[in-house]
Trainee: 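Can you read through this structure? Questions will come right after.
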Amino acid sequence: MAVRACRIEELPPGSRKIVPGGRFGIGVFNSGGALYALANRCPHDGAPVCLGPITGTTESERSYDAKWVKDGQILRCPWHGWEFELATGKSVASPPKNIRTYPVRVENGWVIVDD
Amino acid sequence: MTDATDYLPIVDCDVHPAPRSAAELLDYLPDRYQGKVGDMLRSWFRMNRGTGVLTGFGALATGMRRDAMPKTGPGGSDPSLMEEQLLVQAGVTCAILIPLTVTGMANPEHEAALCAATNAWLADNWLGKYNGHGRYRGSIMVCPDVPEAALEEIERWSKHGGFVQVMVPPTVRGSYGLPQYFPIFEAAVRHGLPVATHINRTPGIAMLSPVGFTSYYFEFHPQYTLYYYPHVASLVMSGVMARLPDLRFVLVEGGVSWLAPFMWRLDHYWRQFGSEVPWLDRPPSEYVRNQVLVTTQPLERPNRTRRLHEYLNWMGSERMVMFSTDYPHWDYDHPEATLRRFPEEVRTRFAYQNAAELYGLAGLSSSSARPLRPAVAG
């Protein structure tokens, strides 16, 4: 089923919209021009994950040497801070617990999510 | 919840209301603390950005759930938002309020002043104006290192009706079994109040382990119970638990399972060292089982929940455990995600019965969704 989220002009880069859809609502994100849609439920404890900050994460090869990476590509849950890749819904930590994602497209100026 | 018979009352034993600003709190500073102490407190709060909490490293969103931040003021300062998120969305029936305005200050006189202000502020606001529904109960904050002030606060607020326990910080100048702290436990028992303790140091330079400071928030967070072991051991060994059989000591925000192996150790060595503490007339673990309670958040999450049940069984924890969320903090335990992790046979005890019995909360039952009677008559 296709969910009409919003007009594309209402979703500029760096913004998001939470729309009804699926079982828990759907968060639609524009990150640097690319669109993503994720279920608004954290696989950890059921928090409204799509309300969390978009940020980056860290990588490191050894102690006291952390690099900041993937800025703008990571969704952090607003409750316990779990990190998920916006594009795939996959958790940064392992073993993976992933957020369900949905295909999203633009059609006639509308952002459409297929749930 | 589909109908009244499905309703599980929940008593949340760890909720943190906050003043909107330092000024709101310091307005309640009693007259005797105005002048120099009041001025010092005001300037100290200014240095520490409003609510006097010394933030250190790494706590997510300054320690709060990001969706629990009101439009103005810190997390926990908006009564409508707390009602909506805690009482409605989370389904909590009754919340035990523990303000964290007093955070282990260097100067006991200042700490005592803040306790007095906090108790008056709580009574007026969260146990007064914001408690029309009668679902909030509070804690009498005291600074044990100024004993006269602590006893005065207990005397002043014990009859109020809305305060259901005395709250002492775990960070004091000695362990709680020492003679200098006995009058506080004795006064609490005399007034029929449990004594609770809750971590009150934010991470950073204030978190001192037995071997020094932690480097990371993640290093600090799993170690809260370092502050609780010494007080439990001391209260048992020094005989305070034995002298005050009605004393109940609540350990808030330490989780549950850590007590089990500690109780084994205490009993094991009692057989060797019992003559050092002949005033104990039963194994130490029995004092713990009968007189110590723990709140569940942050609940341990082993890969197999059954392993947690084994610890709970070994502790004989049926009467020891009370549910808590720690709202509005980031490590909040959501009732729906947490209550199902308890063994079914003790779930109602943990969800509300143990707390209802400890704190004298009437009107809760699994067959009724009635709100509680108001905390204070009229």
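Just so you know, these numbers come straight off a predicted model, no measurement behind them. Chain letters run A, B, ... following the sequence lines, proteins first, then strands; residues in each count from 1.
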Trainee: Side-chain polar contacts of residues 32-41 of chain A - donor-acceptor pairs under 3.5 angstrom, sequence neighbours left out - could you list them?
Mentor:
from: A:Asn40; atom 1: OD1; to: A:Val49; atom 2: N; distance (Å): 3.2
from: A:Asn40; atom 1: OD1; to: A:Cys50; atom 2: N; distance (Å): 2.8

Trainee: Just checking B:Asn303: does its CG atom have more than 12 heavy atoms from other residues, nucleotides or ligands closer to it than 6.0 angstrom?
Mentor: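 It does not: B:Asn303 CG has 12 such atoms or fewer within range.
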Trainee: Among all residues two or more places apart in sequence or in another chain, which pass the ring pair (Phe, Tyr, Trp, His ring centres under 6.0 Å) test with B:His16?
Mentor: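 For B:His16, the residues satisfying ring pair (Phe, Tyr, Trp, His ring centres under 6.0 Å) (neighbours in sequence not counted) are B:His198, B:His329.
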Trainee: For chain B, find which of A:Pro53, A:Ala47, A:Gly46 contributes the most heavy-atom pairs closer than 4.5 angstrom.
Mentor: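 Maximum pair count with chain B is reached by A:Pro53.
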Trainee: For the CD atom on A:Glu9, are there more than 12 heavy atoms of other groups (residues, nucleotides or ligands in this structure) within a distance under 6.0 Å?
Mentor: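 Buried by this count: over 12 neighbours within 6.0 Å.
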Trainee: Measure the SG-CZ distance between A:Cys77 and B:Arg65 for me, rounded to the nearest 0.5 Å.
Mentor: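 One gets 9.5 Å once the value is rounded to the nearest 0.5 Å.
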Trainee: Within the distance-only criterion (no hydrogens, no angle test), does the side chain of A:His80 pair as donor or acceptor with the backbone N or O of B:Tyr332 below 3.5 angstrom?
Mentor: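 Yes, because the side chain of A:His80 sits within donor-acceptor range (under 3.5 Å) of the backbone of B:Tyr332.
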Trainee: Crowded around B:Glu336 CD? As in, over 12 foreign heavy atoms under 6.0 Å?
Mentor: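 Atom CD in B:Glu336 is not packed in, count stays at 12 or less.
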Trainee: Please check if any side-chain donor atom of B:Asp67 sits under 3.5 Å from a side-chain acceptor atom of A:Trp79, or the reverse.
Mentor: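 Yes, a side-chain donor-acceptor pair sits under 3.5 Å.
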Trainee: Measure the CZ-CG distance between B:Arg301 and A:Asp45 for me, rounded to the nearest 0.5 Å.
Mentor: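 Spacing of CZ (B:Arg301) from CG (A:Asp45) equals 4.0 Å.
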